[in-house]
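Atoms within a ligand are numbered from 1 in the order they appear, just like the ligands themselves.
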Amino acid sequence: MQYVGNVIRPPSEADSIILQVAVGCSYNACTFCGAYKDVPFSLKDDEAIKEDLLFAQKYCRNANRLFLADGDVLILSQKRLLKLFRMIREYLPWINRISLYGNARAIRSKSVDQLLELKAHGLSRIYMGLESGCAEVLQAVKKGETPETLRAAAASVNEAGIFLSVTALLGLSGVTLSERHAHETGKVLAAMAPRQIALLTLIPLENTALGQDVLAGRFHLPGPQTILKELYEVLFQLTETRCQFHANHASTYLPLAGRLPKDRDYLLRTIEHAMAGAVPLVPEFRRAL
Ligand code: SF4
């Protein structure tokens, strides 16, 4: 497979064929995100994609899932996406799950009928970044969204019956807004009703505006105890949510995963024990993005 730049995929796509159909992210403005900073957004042409499909046809026959990279593939036109799904069906007919990243802006670019059409052509799963449910934090990190627009985007995906996985970022508010960030993120996640929630923990990157703010002392990174409190508060708000819950990304201080609501009490107790020092935390040097 021929990849341009960094190819990033969600942890749940570890066993998937990664087919890069676009390079970078068309938005590329979030202050915490260094994934595609120096890569202008562009589309790959049919010939390059066909070559990768032929490679996958020959060497990836054991994989039955496929992830379309890069950062916000859902922003591609409906016509282009339908063509890509047809090509996947033609070259890799055994694929039974196609997923992609779709930010709220990209989701908004599609009507529910268009999302339904994409689903009928094979789109099974959309990974969306909420990052925070707090309007002030979203504005500070230039997410370009409000809690309301993020909730509306989730509602469209749910209405189309496509599996929605939502990511939020612990620590993103810095120290001052930490309690509000956690409380409102939990509330908005509950309202979004995703099928999967993934909580990551901020690790500032030097090539980002937020990373530069940390170095200059303008942004104060919350320590592990504050992050555990955020984790607890987010989970505490998810009283009725039925979903898979992951806080076991490599950036975490406390790897946790379970099914909600079944495992919620157990997960909350584990966080309490960790806050009391009875569960060892992942040491700083082991954390990674
Ligand atoms: S929309 Fe996603 S990929 Fe694009 S800059 Fe923001 S966090 Fe990064």
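Under the rule for a salt bridge (Lys or Arg N to Asp or Glu O under 4.0 Å), the partners of Glu284 that lie at least two apart in sequence or sit in another chain are Arg287.
In this structure, Leu200 shares a hydrophobic cluster with Phe32, Val137, Val141, Leu169, Leu172, Leu177, Leu202, Leu210, Val214, Phe219, Leu221, the cluster being traced through Ile, Leu, Val, Met, Phe, Trp and Tyr side chains under 4.5 angstrom apart.
Listed for the Lys37 side chain is a donor-acceptor partner under 3.5 Å among the backbone atoms of Cys33.
A cation-pi arrangement, defined by a distance under 6.0 Å to the six-membered ring centre and an angle within 45 degrees of its axis, is present between Arg264 and Phe236.
Excluding waters, the set of protein N, O or S atoms lying under 2.8 Å from atom 6 (Fe) of ligand 1 comprises Cys30 SG.
Residue Tyr101 does not touch ligand 1, judged by heavy-atom distances below 4.0 Å.
The number of heavy atoms from other shown groups lying within 6.0 Å of CZ (Arg259) is above 12.
Every pair passing side chain to side chain donor-acceptor pair (under 3.5 Å) that includes a residue from residues 130-140 is listed here, sequence neighbours excluded: Glu131-Lys143, Ser132-His181, Glu136-Arg180.
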